[in-house]
Amino acid sequence: MVSRTLSAIALLASALPTAWAQTFTLCNPLNQTGCPNMPALGANLSFNFNETWNDKVWTKPSAGSINRIDEGSVFTIKMSGDSPSLHSKFYLFFGRLEVVMKAASGRGIISTAILQSEDLDEIDWEFMGSNSTHGFTNYYGKGNTTAGDRGFEPKMDSSPLDGYHNYTIDWTKERTQWILDDKVIRTLKFEEALGGKNYPQTPMNVRIGMWAAGDKSKNQEGVVQWAGGETDFKQAPFSMVVKSVYAKDYTDAKEYSWEDMDASGSFDKVKIIGYRSQVFQEASKPHGMDRIAALSTTTKIAIAASVGGVVLIAVALITFCCIKQRRAGRREFATFQAQENQEKAEFMMHKQNWESRASRYVRV
Ligand SMILES: *[C@@H]1O[C@H](CO)[C@@H](O)[C@H](O)[C@H]1NC(C)=O
Ligand SMILES: *[C@@H]1O[C@H](CO)[C@@H](O)[C@H](O)[C@H]1NC(C)=O
Ligand SMILES: *[C@@H]1O[C@H](CO)[C@@H](O)[C@H](O)[C@H]1NC(C)=O
Ligand SMILES: *[C@@H]1O[C@H](CO)[C@@H](O)[C@H](O)[C@H]1NC(C)=O
Ligand SMILES: *[C@@H]1O[C@H](CO)[C@@H](O)[C@H](O)[C@H]1NC(C)=O
Ligand SMILES: *[C@@H]1O[C@H](CO)[C@@H](O)[C@H](O)[C@H]1NC(C)=O
């Protein structure tokens, strides 16, 4: 049932024209009405990724594992279809993002730390798993992907794939700066982006993750070539590590609204509401750890066993344990399964998102 639905969607997606895929978003306020308000960060926050990421603050919309180690969170692609990523539930309306990370090695593997809005404004840091000398910066306004000189590829002092670097985006109404290890390597002024028309200027959330652009079974030939060649999944796992993230919103709002937005997509039509968001309160208290890591040992064994098809062992183990633990375990497992199902659905959406990113590379 699931696989039939998935392949039907896949067929549909592949038959759709590129333009449709490129403009994909959950709700584009320039084309749709009633797009939901966005929670503002309304403050600044640091996240140590070796500790917790709170699932009330970050969502993980697609397949692939994210595990914590002493150094940070390890994002891993093990197989075709994995594209582990975290998206912030909070939005910045002009702001600053600092990500300390080590990008993934591997042909065709792209590591990303970006800001993106629901009407497809976007500011990027990206890394290619087969390029140890350069980083990639880019921006888009309103999903306009027609060829332009948007990209800039700074030479790095040391490989982005071997060590940690600090990748910062400082984004104001007047200009955007990309800062590499304390050095401003690029400044984009508002007017320089097609007189402001292509300038990113609506509330954006943080999206950190990786994908296999070199996956031949999923991407067009042009994308595979852009990515540096075909990904050899026999070389998997491919991993990137995020050590820390700092985000600062340049307003102290509670939320942002599209209510007054018109076709211009202009920053002065974004409505700023209230003071200090719920997400900020949530983010200030550390909890809601990485789901699987936070499950009890019993539940982990049950999940491992049933995933491997050895349900009997799990049943035996669970029967052994005290009733209370068993109930808690079941509840956790049910939640886990529900989340898995939700992730499957969200993955399809996410896949289209990646496809839209991919198709733009072909054109640029
Ligand atoms: C809005 O939709 C039209 C077609 O329905 C499309 O041509 C246009 O590119 C869309 N605009 C945006 C900003 O998505
Ligand atoms: C971050 O926010 C705190 C209040 O939460 C404030 O005291 C501090 O000055 C801010 N830091 C920066 C760099 O804006
Ligand atoms: C996480 O990293 C921070 C900063 O590097 C460090 O102070 C802290 O001890 C680390 N925590 C763990 C659990 O390793
Ligand atoms: C890395 O990227 C830079 C900038 O695009 C390019 O000049 C260089 O040839 C690339 N190196 C490899 C190994 O692809
Ligand atoms: C998209 O950007 C290009 C330049 O990069 C520009 O020539 C074109 O007019 C833009 N399209 C729209 C619809 O703004
Ligand atoms: C990252 O670089 C920015 C820009 O120089 C700097 O302000 C910030 O303190 C650095 N962050 C970390 C965690 O090193």
State yes or no: are the ring centers of Y139 and Y199 separated by less than 6.0 Å?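 Not under 6.0 Å, so no.
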
Verify, without hydrogens or angle tests, whether [X] (side chain) and [Y] (backbone) share a donor-acceptor contact under 3.5 angstrom.
{"X": "S111", "Y": "A104", "answer": "yes"}
{"X": "N205", "Y": "S88", "answer": "yes"}
{"X": "E122", "Y": "L120", "answer": "no"}
{"X": "T112", "Y": "G209", "answer": "yes"}
{"X": "T231", "Y": "R107", "answer": "yes"}
{"X": "N48", "Y": "E51", "answer": "no"}
{"X": "T172", "Y": "E174", "answer": "yes"}
{"X": "Q201", "Y": "F267", "answer": "yes"}

Name all pairs fulfilling the side-chain hydrogen bond (donor to acceptor under 3.5 Å, both in side chains) condition that reach into residues 94-106, sequence neighbours left out, sorted by first residue then second.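 Applying side-chain hydrogen bond (donor to acceptor under 3.5 Å, both in side chains) to every pair that reaches into residues 94-106, excluding sequence neighbours, yields R96-E98, R96-D170.
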
Roughly how far, to the nearest 0.5 Å, is CZ of F152 from CD1 of I185?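 With rounding to 0.5 Å, CD1 (I185) is 5.5 Å from CZ (F152).
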
The salt bridge (Lys or Arg N to Asp or Glu O under 4.0 Å) partners of D262 (sequence neighbours excluded) come to K269

Going by salt bridge (Lys or Arg N to Asp or Glu O under 4.0 Å), name the residues that satisfy it together with D249, two or more places apart in sequence or in a different chain.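 Result, salt bridge (Lys or Arg N to Asp or Glu O under 4.0 Å) vs D249: none returned.
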
Would you list the pairs meeting ring-ring contact (aromatic ring centres under 6.0 Å, His included) in which at least one residue belongs to residues 242-261, sequence neighbours left out?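 For residues 242-261: F93-Y256.
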
Is R207 salt-bridged to E126, going by a charged N under 4.0 Å from an acidic O? no

The complete set of salt bridge (Lys or Arg N to Asp or Glu O under 4.0 Å) pairs with one or both residues in residues 177-197, sequence neighbours excluded, reads none

Set of residues satisfying side chain to side chain donor-acceptor pair (under 3.5 Å) with respect to N144, sequence neighbours excluded: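 Checked N144 against side chain to side chain donor-acceptor pair (under 3.5 Å); matches are T146, R150, N198.
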
Mark yes or no: K243 above the aromatic ring of F49, with NZ or CZ under 6.0 Å from the six-membered ring centre and no more than 45 degrees from the axis.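 No, K243 and F49 do not form such a contact.
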
Taking everything shown except D157 itself, do over 12 heavy atoms lie less than 6.0 Å from its CG?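 Check fails, neighbour count at 12 or below.
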
